[in-house]
Every structure is written in structure tokens, then in C-alpha cells.
Number of protein chains: 2
Amino acid sequence: MAKKVLIVYANQSSGSFNAPAKNTAVEVLAAQGCTVEVSDLYAMSFKASATAEDIKGDVKNAENFCYLEEAKLAWEQGQLSDDITREQSKLAEADLIIFQFPMYWFGVPAILKGWIDRVLTNGFAFSQEKCYSQGIFKDKRAMLSFTTGSLESMFSPTGINGDMNVTLWPLQNGILHYCGFQVLAPQIFWAPASAAAEDRKSMLESWSTRLQGLLEEKPLSFIPLDCFDEKAFQLKPDVHKKHASKEFGLTVGIHLNKPLPPHSQMKAGC
Amino acid sequence: MAKKVLIVYANQSSGSFNAPAKNTAVEVLAAQGCTVEVSDLYAMSFKASATAEDIKGDVKNAENFCYLEEAKLAWEQGQLSDDITREQSKLAEADLIIFQFPMYWFGVPAILKGWIDRVLTNGFAFSQEKCYSQGIFKDKRAMLSFTTGSLESMFSPTGINGDMNVTLWPLQNGILHYCGFQVLAPQIFWAPASAAAEDRKSMLESWSTRLQGLLEEKPLSFIPLDCFDEKAFQLKPDVHKKHASKEFGLTVGIHLNKPLPPHSQMKAGC
């Protein structure tokens with residue numbers, strides 16, 4: 001069955017390595033029969049800040065304006081601004097979402113954080129009941145594909161920036177998995193700007209090869225929602241006990257005061 | 001000596017708990033003789049996205065535009081846009097920077113990420129040599145003060161969102177400590193929107209008490225830059241060896257495949 005792919009692209013320039021990375025994804029996925037749509041955030045001058053202007057007409061409580069609540073209500077009533085609604089339609093149709101960006105300050109660029117803050121509206125993308133493994137987008141896949149300024153060795157458990165698995169946890173667990181997405185392993189282009197031309201070429205070739213099997217990849221492992229109690233959202237005693245003799249924690253965040261499971265935010269099946 | 005404090009404030013509404021949290025900081029610090037300046041990002045309509053418009057006049061390489069490089073050059077030549085220059089002047093004068101915001105998606109709101117992406121310019125805030133414990137702002141202090149939607153128990157090593165120390169690492173190490181800031185323990189207001197009025201009141205009282213001694217607090221612990229080699233930025237063998245018999249890793253990120261040091265991103269001296 002033909003799949004629909006949305007690439008959310010956050011780079012200002014065709015001169016960046018992010019441009020051929022995005023183009024490679026478009027080409028390889030289209031060649032497999034996928035329909036590929038690109039949201040080029042800078043080209044769209046995508047609004048990043050979450051403000052009352054995101055809501056058409058009057059807000060419910062202008063004096064005590066709460067973005068989370070007002071956006072939820074506006075989504076329910078079809079009153080979200082057109083730029084948000086357009087992105088939500090693309091997302092609703094997509095089977096796979098690829099976020100392509102340069103890592104800025106151990107995270108996503110502000111314009112992409114704006115897409116996340118504004119498009120993943122309360123009600124549309126999550127609710128208190130529908131989150132994590134029971135999340136609204138549990139039949140969709142999502143992944144991060146990004147360039148770094150640092151070398152791979154710097155992002156290790158003995159490197160100056162620390163373990164990349166730790167840096168990825170808030171993004172992959174807190175955003176993607178929270179909405180239910182099956183999270184594919186990240187595609188990390190390590191320091192392409194300081195790499196030799198032939199190394200940059202081989203990075204793209206390896207991405208191209210991966211893209212050919214991307215739709216069949218197993219996602220990263222997270223803990224099912226029903227392993228937590230419904231009051232304090234703590235790991236249930238039987239799950240905790242079952243894991244007591246294990247060497248590693250369950251995930252990077254839910255580490256049970258044990259060593260982190262190696263590569264768990266970087267490779268499927270870890 | 002009178003201290004200068006900059007509060008970078010990211011909230012849309014006076015109805016949010018972030019407003020009295022910010023006001024409490026202004027009042028208590030001013031009462032101690034501090035000069036307090038507030039950058040109210042939403043009120044300023046602060047531009048969040050890093051674009052070529054941040055540079056006055058012609059950019060060096062329009063075709064292969066690279067924000068990091070172009071912004072560095074513009075800073076050196078006094079060609080950064082006025083909104084960035086104004087924030088840089090406030091930051092340069094400040095002894096303490098407090099970031100006050102609601103946590104959005106395990107991180108800072110896009111408008112605040114925009115302040116970070118645009119104001120902490122290459123050259124002004126860091127260089128390859130001047131980073132981490134040798135960072136440009138090593139004589140300044142900085143801290144995060146934020147509200148959550150989740151309860152404290154949910155952000156634990158056995159809670160559904162995982163350990164808050166993990167979520168804080170990219171922000172506190174990758175942004176604040178990277179620029180050299182001495183990072184004070186975060187002030188976390190757990191789920192004030194769903195708390196009883198008396199609990200909200202006591203959160204503010206406890207913040208007010210903390211603020212009275214804030215300028216004398218010990219910062220969080222990070223690893224000195226000279227513990228890493230200058231080529232691959234790996235922990236030097238003697239430092240690694242010295243720590244081999246210890247129970248916990250050095251920090252959340254530089255965990256040496258051991259259990260994370262408890263509370264190391266939450267409390268000084270951990």
C-alpha cells in the first residue's frame with residue numbers, strides 16, 4: 001500500500017547538509033511509491049510562538065489566557081488559525097513524519113519547536129487518557145533526522161557533551177512517543193560541515209540505503225502505558241519487581257536508578 | 001555589592017502562575033538592592049526564528065547561508081539586528097539570569113528557544129575554546145524557573161515521564177553550562193494549575209524564601225573542561241580511572257555506564 005510521508009524541514013539554506021538530506025528522503029521515498037509532502041518551515045515563514053492569534057475570534061478567557069486550554073477549545077470548535085489547521089491536516093494524513101533539522105543547543109531550532117508547540121494541540125495530538133503507547137498517533141511513525149556540530153565521540157557517556165541517548169530522551173519520549181508515534185531510530189549526521197566531501201557523500205549514501213527499508217524498520221522500545229498505575233503514574237510493583245534483577249534500567253528516563261540501557265534512544269531493540 | 005538580574009520571561013498571560021512567580025522574583029531581589037530587568041518575550045513580540053533578517057546589510061554567503069557563521073561575523077562587525085543586540089547588552093551586564101517559563105513538551109517554549117538560538121551568538125556567548133567551565137559567562141549565574149503540567153511523581157526514575165534530571169540535562173548542561181554559566185538548582189513549580197489555592201500560595205512563599213538567599217547559593221556540579229582531552233573531547237584516562245570504583249556516574253550525561261548520580265541536575269552538591 002502506498003504510504004504518505006510528511007517531512008517537517010527546518011533549515012534556512014540550500015547550502016546546508018540538511019538540504020540534500022531532505023532531498024534524498026523525498027527522492028528515495030517517492031521512488032518507492034510514497035506520496036511525500038514537505039513543510040519547509042523557513043520558506044513558509046512559519047510562526048513559531050504560541051499566542052492568542054492562533055485562535056480565530058474571541059478567546060474564552062482573555063484575562064487569564066491559558067494557551068493549552070484555549071487551543072484545545074479552538075481545535076474542538078474549528079477555530080484554530082489556518083496555518084495550524086493546514087499542518088494538522090498533513091499530519092493526520094501521514095503514515096510517517098520525518099523531522100529534518102540541524103541540532104541547535106542540544107535540541108530543535110525554535111521554528112521547529114514552534115511547529116511542535118502549535119500543531120500538536122491538546123485534543124488533536126494527545127489527551128490525558130490518550131498518550132504514550134495509547135497515544136492518538138500510535139498507528140503512525142515518526143523520526144528525527146539531524147545534523148550536529150559536534151563529533152560523535154563528544155556525545156558519548158565519556159564525552160564532553162554526554163550521552164546522546166540522554167539528549168534525545170526529552171525529544172523522542174516527551175514529544176514523539178508522548179503523542180503515541182512509533183519512534184524510528186534517529187538518523188544522525190555527525191558534524192557534516194567539518195567532514196571531507198567524500199565523507200559527506202557517504203553519509204548521504206548510507207541515508208539513501210536506510211530509506212529504502214525505512215518503512216519496515218522496527219521502532220525504538222518504550223514502556224507500555226498499562227505498566228503504570230493510574231493515580232501517581234508510577235511503575236506498577238509487579239513490573240518493577242520483574243525488572244529488579246536486571247542489569248540496566250528500562251529506558252533512559254525510567255532508569256530505576258540502574259545504568260541506562262545502552263543505545264536505547266538510538267537503536268531499535270535496545 | 002548590588003547585583004544585576006535579568007529575568008527572561010516567557011508567558012502570554014498575567015493569569016498564569018508564571019506571572020506571580022516572576023513578580024515575586026522582581027520584588028524580593030529588588031528589596032535586596034538588586035537591579036532587576038525583565039525581558040517579557042511575548043509582550044516584546046520577540047522574534048523566535050533564526051533567519052538572515054537577523055543580520056543587517058549583506059550576508060557573506062547568501063547562496064550557502066549558514067546561520068552560525070553569519071551571526072558570528074555579524075556580531076564581530078556590529079551588524080546583528082537591534083533586538084538581538086539589546087538582549088546581548090542586558091545579558092552582558094547581568095550577574096544572574098533567571099529563565100521563567102511554563103515547560104512545553106519537555107523543554108522551553110519556542111519563543112524562549114528563539115531567545116537562546118538568536119541571543120547566544122557564536123563569539124558572544126561561546127567559542128570552541130571558551131565553553132563549559134572555561135565558558136564566556138563563567139562569572140555569571142543562571143537558572144531555570146518553570147511550571148509543569150505533570151505531578152512531581154510522574155517525573156521520577158520510576159514515573160511515566162522519567163527522571164526530571166534527564167530532561168534537564170540538555171537545557172542545563174547543553175545551553176547554560178555550555179556558555180560557562182554557574183547553574184543554580186532549578187525552581188520547579190509542580191502542576192500549579194491543578195493545585196489548590198493554598199498550595200499555590202505556599203509554592204510562592206517557598207520561592208520567596210529561596211530568593212532571599214539565591215545570590216549565595218552553591219551552583220550545580222559539572223565536570224571541569226580540563227578533565228577532557230583536546231582532540232576527541234573524551235574524559236582523560238586518569239580522571240576515568242579515579243572514578244572507576246565509584247557507585248555513580250559523574251553527571252547525568254557523562255554517566256560512564258553507571259547509575260546516574262541522584263538529583264545532580266536538581267540540587268547543588270550532588
Side-chain angles (χ1 to χ4, degrees), chain A residues 12-16 42 48-52 61 63-68 104-107 109-111 113-114 116-117 120 132 149 151 153-154 156-163 166-167 169-171 173-175 193 228 232-235 240 249 251-260 262, chain B residues 12-16 42 48-52 61 63-68 104-107 109-111 113-114 116-117 120 132 149 151 153-154 156-163 166-167 169-171 173-175 193 228 232-235 240 249 251-260 262:
Chain A
Q12 305 94 339
S13 162
S14 58
S16 160
Y42 287 102
S49 302
T51 68
N61 191 340
E63 208 162 320
N64 290 334
F65 180 79
C66 170
Y67 188 83
L68 188 80
Y104 276 9
W105 291 108
F106 283 48
I111 200 168
K113 185 59 172 34
I116 291 162
D117 290 351
L120 301 178
Y132 289 121
L151 303 171
S153 63
M154 296 162 78
S156 78
T158 52
I160 192 164
N161 294 335
D163 188 352
V166 171
T167 287
W169 170 261
L171 302 172
N173 177 73
I175 301 168
F228 298 89
F233 298 93
Q234 288 292 299
L235 209 56
H240 203 160
T251 61
V252 171
I254 303 160
H255 57 68
L256 316 177
N257 302 310
K258 293 167 182 272
L260 307 186
Chain B
Q12 304 94 338
S13 163
S14 58
S16 160
Y42 288 101
S49 303
T51 68
N61 190 340
E63 208 162 319
N64 290 335
F65 180 78
C66 169
Y67 188 83
L68 188 80
Y104 276 10
W105 292 107
F106 284 48
I111 199 168
K113 185 58 170 36
I116 291 162
D117 290 350
L120 301 179
Y132 288 122
L151 303 172
S153 64
M154 295 163 79
S156 78
T158 52
I160 192 166
N161 294 335
D163 188 353
V166 171
T167 287
W169 170 261
L171 302 173
N173 177 73
I175 302 169
F228 298 89
F233 298 93
Q234 288 292 299
L235 210 56
H240 203 158
T251 61
V252 171
I254 304 161
H255 55 67
L256 317 176
N257 302 310
K258 295 165 181 271
L260 307 187

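Hydrogens, waters and symmetry mates play no part in the numbers below; they use all other heavy atoms, side chains included.
- Interface remark: of the candidates B:N61, B:I160, B:N161, B:I160 forms the most heavy-atom pairs closer than 4.5 Å to chain A.
- Within the 4.5 angstrom heavy-atom criterion, no atom of A:L68 approaches chain B.
- Contact tally against chain A (heavy-atom pairs below 4.5 Å) for B:P262, B:G162, B:A48: the top residue is B:G162.
- The main-chain N or O of B:W105 is never found under 3.5 Å from a side-chain atom of A:K113 such that the two would form a donor-acceptor pair.
- The structure places OG1 of A:T158 at 8.5 Å from CZ of B:F228, a figure rounded to the nearest 0.5 Å.
- By number of non-hydrogen pairs under 4.5 angstrom with chain B, the leading residue of A:G114, A:A50, A:G107 is A:A50.
- At a 4.5 Å heavy-atom cutoff, B:S16 makes no contact with chain A through either its backbone or its side chain.
- Separating the OH atom in A:Y67 from the CD atom in B:Q12 is a distance of 8.0 Å, to the nearest 0.5 Å.
- Note that CG of A:L171 and CZ of B:F106 are 10.5 Å apart. Values are rounded to the nearest 0.5 Å.
- For the side-chain contact (heavy atoms from CB on, under 4.5 Å) with A:P157, the lone residue among B:N257, B:L235, B:L256 that qualifies is B:N257.
- With a threshold of 4.5 angstrom between heavy atoms, A:Y42 approaches chain B through side-chain atoms but not through N, CA, C or O.
- Contact between B:V166 and A:P170 at its shortest, heavy atoms only, is O-CG, 4.5 Å.
- Interface check for chain B: of the options A:P259, A:G253, A:G15, A:A193, the most heavy-atom pairs under 4.5 Å are formed by A:P259.
- Most heavy-atom pairs under 4.5 Å with chain A: of the set B:C66, B:G174, B:G249, this distinction falls to B:G174.
- With chain B as partner, the option from A:T167, A:T51, A:V252 having the largest number of non-hydrogen pairs under 4.5 angstrom is A:T167.
- Looking only at heavy-atom pairs under 4.5 Å with chain A, the residue among B:H240, B:K258, B:Q234 that has the most is B:Q234.
- To the nearest 0.5 Å, atoms CG (B:L151) and CZ (A:F233) are separated by 8.0 Å.
- With rounding to the nearest 0.5 angstrom, the CD1 atom of A:I254 is 8.5 Å from the OG atom of B:S156.
- A distance of 6.5 Å separates OG in A:S14 from CD in B:E63, rounded to the nearest 0.5 Å.
- A:I116 places none of its side-chain heavy atoms less than 4.5 Å from the side chain of B:Y104.
- In terms of non-hydrogen atom pairs under 4.5 Å with chain A, the most contact-rich of B:D117, B:I175, B:T251, B:N173 is B:D117.
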